[in-house]
Amino acid sequence: MTILHLDASINGENSASRAISRSIVDQLTIERGGADIVYRDLAAEPLPHLTLDAFADSSALDEFLAADTVVIGAPMYNFTLPTQLKAWIDRIVIAGKTFRYTESGPEGLANGKRVIVALARGGFYNQGSPASALEHLETYLSGVLNFIGIEPEFVFADGLSVSPEQRDRSIKVALGETVRLAA
Ligand SMILES: Cc1cc2nc3c(=O)[nH]c(=O)nc-3n(C[C@H](O)[C@H](O)[C@H](O)COP(=O)(O)O)c2cc1C
């Protein structure tokens with residue numbers, strides 16, 4: 001099994017999404033008795049914004065295609081994903097590689113991969129909540145991954161900016177969830 005592990009938080013060791021994505025990878029590795037892990041820290045070593053020349057570098061796409069499992073640490077910044085993670089998305093959503101256009105509409109080609117996303121958000125975005133209309137992280141990642149043929153699984157740590165107690169509680173619940181996901 002090859003796991004591609006991505007992080008995008010700018011918060012280093014204080015990052016909730018990093019702690020949760022690491023726990024997911026650890027649990028999967030234990031559960032399966034080992035794994036090849038490819039790690040990409042998109043905050044420490046950002047991919048450049050997309051340019052025509054950047055299409056020539058297929059290293060991120062190759063890593064993605066080679067992995068059977070992808071674990072993504074995804075913090076919410078300004079209601080959506082970090083630009084560093086968007087730059088990675090721009091490298092893997094490629095016509096002819098991860099999707100294609102057909103007469104009956106677009107078709108995802110990346111099906112068969114398991115993708116688990118550790119979402120970390122400062123607020124709460126449940127359906128019906130006042131902020132739900134501003135949720136463009138989970139909805140975007142679901143939409144774009146669906147487009148290439150993947151049904152992602154999410155581990156949620158929400159309300160992280162509400163209070164230290166809420167933050168501890170949310171992270172604890174999310175870390176517990178990672179054990180269930182790997183089983
Ligand atoms: C630059 C920045 C922008 C943020 N924007 C939002 C936001 O729009 N909505 C929200 O709920 N939380 C927001 N937050 C809070 C983060 O989502 C929260 O701190 C989360 O823990 C970040 O993940 P991390 O701990 O892995 O870095 C923001 C944090 C930062 C640093």
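Read the numbers this way: they start at 1 and go in the same order the structure lists the ligands and their atoms. Note that the structure is predicted; figures quoted are calculated from it, not measured.
With a 6.0 Å cutoff to the six-membered ring centre and a 45° limit on the axis angle, Lys97 does not count as a cation-pi contact of Phe64.
Counting only distance, with no hydrogens or angles, the side chain of Thr80 and the backbone of His136 share a donor-acceptor pair below 3.5 Å.
For Arg121, no nitrogen or oxygen atom sits less than 3.5 Å from a nitrogen or oxygen atom of ligand 1, counting backbone and side chain alike. The shortest N or O to N or O distance between Asn11 and ligand 1 is under 3.5 Å.
To the nearest 0.5 Å, the span separating NZ on Lys113 from CG on Leu4 amounts to 9.0 Å.
The nearest pair of heavy atoms linking Ile150 to Asn146 is O-ND2, 2.8 Å. Of all heavy-atom pairs between Ala60 and Leu47, the closest is CB-CD1, 4.3 Å. Here the shortest heavy-atom pairing between Arg167 and Asn14 reads NH2-O, 2.8 Å. Between Asp158 and Gly123 the shortest heavy-atom distance is CB-O, 3.6 Å. In plain terms, the two heavy atoms of Ala95 and Phe99 that are nearest each other are N-CE2, 3.2 Å.
What sits closest to atom 16 (C) of ligand 1 on the protein, heavy atoms only, is Met76 O, 3.4 Å. Among all protein heavy atoms, the one lying closest to atom 5 (N) of ligand 1 is Asn78 N, 2.9 Å. Among protein heavy atoms, atom 23 (O) of ligand 1 sits closest to Pro75 CB, 3.1 Å. Looking only at protein heavy atoms, the nearest one to atom 11 (O) of ligand 1 is Tyr125 OH, 2.6 Å. Nearest protein heavy-atom neighbour of atom 8 (O) of ligand 1: Phe79 N, 2.8 Å. Summary of contacts: the protein heavy atom closest to atom 29 (C) of ligand 1 is Tyr77 CD2, 3.8 Å. Counting protein heavy atoms only, atom 21 (O) of ligand 1 is closest to Leu160 CD1, 3.2 Å.
Taking a cut-off of under 4.0 Å to the non-hydrogen atoms of Ala16, the atoms of ligand 1 that pass are 24 (P), 25 (O), 26 (O). Residue Ser9 approaches ligand 1 through these ligand atoms, each under 4.0 Å from one of its heavy atoms: 24 (P), 26 (O), 27 (O). Atoms of ligand 1 lying under 4.0 Å from at least one heavy atom of Gly123, given by number and element, are 10 (C), 11 (O). Against a heavy-atom cut-off of under 4.0 Å, Gly122 is close to the following atoms of ligand 1: 10 (C), 11 (O), 12 (N), 15 (C), 16 (C), 17 (O), 18 (C).
Within the 4.0 Å heavy-atom shell around ligand 1 one does not find Phe124.
With a 4.0 Å heavy-atom cut-off, ligand 1 is reached by the side chain of Ser161 but not by its N, CA, C or O.
In the hydrophobic clustering of this structure, Ile24 does not group with Val38; members are Ile, Leu, Val, Met, Phe, Trp, Tyr whose side-chain heavy atoms approach within less than 4.5 Å, directly or through other members.
Dense packing is recorded around OH of Tyr39, with more than 12 heavy atoms of other residues, nucleotides or ligands lying under 6.0 Å away.
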